[in-house]
2 protein chains.
Amino acid sequence: MLTTKETADIFKAFCDENRIRILQLLLDGEKCACKLLEAMNITQPTLSHHMKILVDSGIVSGRKEGKWMHYSISAEGIRKAQSYLSYLLSRGKDV
Amino acid sequence: MLTTKETADIFKAFCDENRIRILQLLLDGEKCACKLLEAMNITQPTLSHHMKILVDSGIVSGRKEGKWMHYSISAEGIRKAQSYLSYLLSRGKDV
DNA sequence: ATCATATATAGAGATTTGTCAATATGTTTT
DNA sequence: AAAACATATTGACAAATCTCTATATATGAT
């Protein structure tokens, strides 16, 4: 079971538009930070900032290979978020 | 299909600790704003602010009855968030 | 060793978000 | 109509977040 803060932190990964775009880019598989960077209209340090939030939250996993960082969506992280939502649904009433 | 901003807005509902606590309180069913207020250590305007975010995002639905507002978790809203996560999983690789 | 490249970190400014006190709106009771 | 109560809105301040420039670190190539 997650704490209130842990839960909020996981979902923080999804509440910035640039991070949603990054996830969109990762949908078709692992990508290098440099590829993400050229696809987005932000500076390199800003990308680095967002990748840190995504990785720390467990939603994305990073793999270092030489001087490149390869990022991909982490099924395990997504499932953690999913199970919280299921938990809410399991007892929520309405519609 | 949701826009980037719509997606981010839905998840914004979950990224504040007080809102997670509110959802926790709503787990056992509909509650009046006054009940939420006495269970939480925030002022009435602050609660009102958070309820607006939760309702606007579709995660919670509100029902007015006389002078009371009754809030409950909206299954439909939760499902929208769930389906975005499923979408990420459907193509994400890794673990 | 030096240089070039990829990424991370530090620090500063701008924007957004959360919080409160004060006040407004809407509803019920007297 | 006035008073009492529940909730919403406004406006101000504080804290958190996003973004940038400058710089540091790490790796590979010359």
Any side-chain heavy-atom pair of A:Thr43 and A:Leu37 under 4.5 Å: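 Side chain of A:Thr43 against side chain of A:Leu37, heavy atoms only: no contact under 4.5 Å found.
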Roughly, in whole Å, what's the span from [atom1] in [X] to [atom2] in [N]?
X	N	atom1	atom2	value
B:Lys64	C:dT28	NZ	C1'	12 Å
A:His49	C:dA12	NE2	P	17 Å
B:Lys5	C:dT16	NZ	P	10 Å
B:Leu37	C:dT19	CG	C1'	14 Å
B:Gln44	C:dA22	CD	C1'	12 Å
A:Lys52	C:dT9	NZ	P	6 Å
B:Asp9	C:dT16	CG	C1'	13 Å

Sidechain-backbone polar pair: B:Ser90 side chain, B:Tyr87 backbone, donor-acceptor under 3.5 Å: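 Yes, because the side chain of B:Ser90 sits within donor-acceptor range (under 3.5 Å) of the backbone of B:Tyr87.
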Backbone of B:Ile53 reached by a side-chain donor or acceptor of B:Ser57 within 3.5 Å: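 Yes; judged by distance alone, with no hydrogens or angles, the pair exists.
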Phosphate OP1/OP2 of C:dT19: any B:Asn18 side-chain N/O under 4.0 Å: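 The answer is yes; a side-chain N or O of B:Asn18 sits under 4.0 Å from OP1 or OP2.
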Selection from C:dT17, C:dG18, C:dT28 that lies nearest to any side-chain heavy atom of B:Lys67: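 My answer, after comparing the listed nucleotides, is C:dT28.
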Shortest side-chain distance from A:Pro45, nucleotide among C:dG18, C:dA8, C:dA6: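 Of all the options, the side chain of A:Pro45 is nearest to C:dA8.
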Sugar-phosphate, base or nothing in reach of A:His50, heavy atoms under 4.0 Å: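 Contact class for A:His50: sugar-phosphate only.
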Sugar-phosphate, base or nothing in reach of B:Ile53, heavy atoms under 4.0 Å: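 It contacts sugar-phosphate atoms only.
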Whether over 12 other heavy atoms sit under 6.0 Å from A:Lys31 NZ: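 Yes, the 6.0 Å shell around NZ holds more than 12 heavy atoms from other groups.
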Residue whose nearest DNA chain D nucleotide is more 5′ - A:Thr43 or A:Lys12: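 Its nearest nucleotide lies further toward 5', so the answer is A:Lys12.
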Check: B:Phe11 ring centroid to B:Tyr84 ring centroid under 6.0 Å: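 Aromatic pair counts; centres sit under 6.0 Å.
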Outermost DNA chain D nucleotides near chain A [under 4.0 Å, heavy atoms]: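 With heavy atoms of chain A under 4.0 Å away, the range is D:dT17 to D:dG28.
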Under-4.0 Å salt bridge between B:Arg21 and B:Glu17: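 Yes.
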Distance (rounded to the nearest 0.5 Å) between B:Lys52 NZ and B:Leu47 CG: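 It is 14.0 Å, given to the nearest 0.5 Å.
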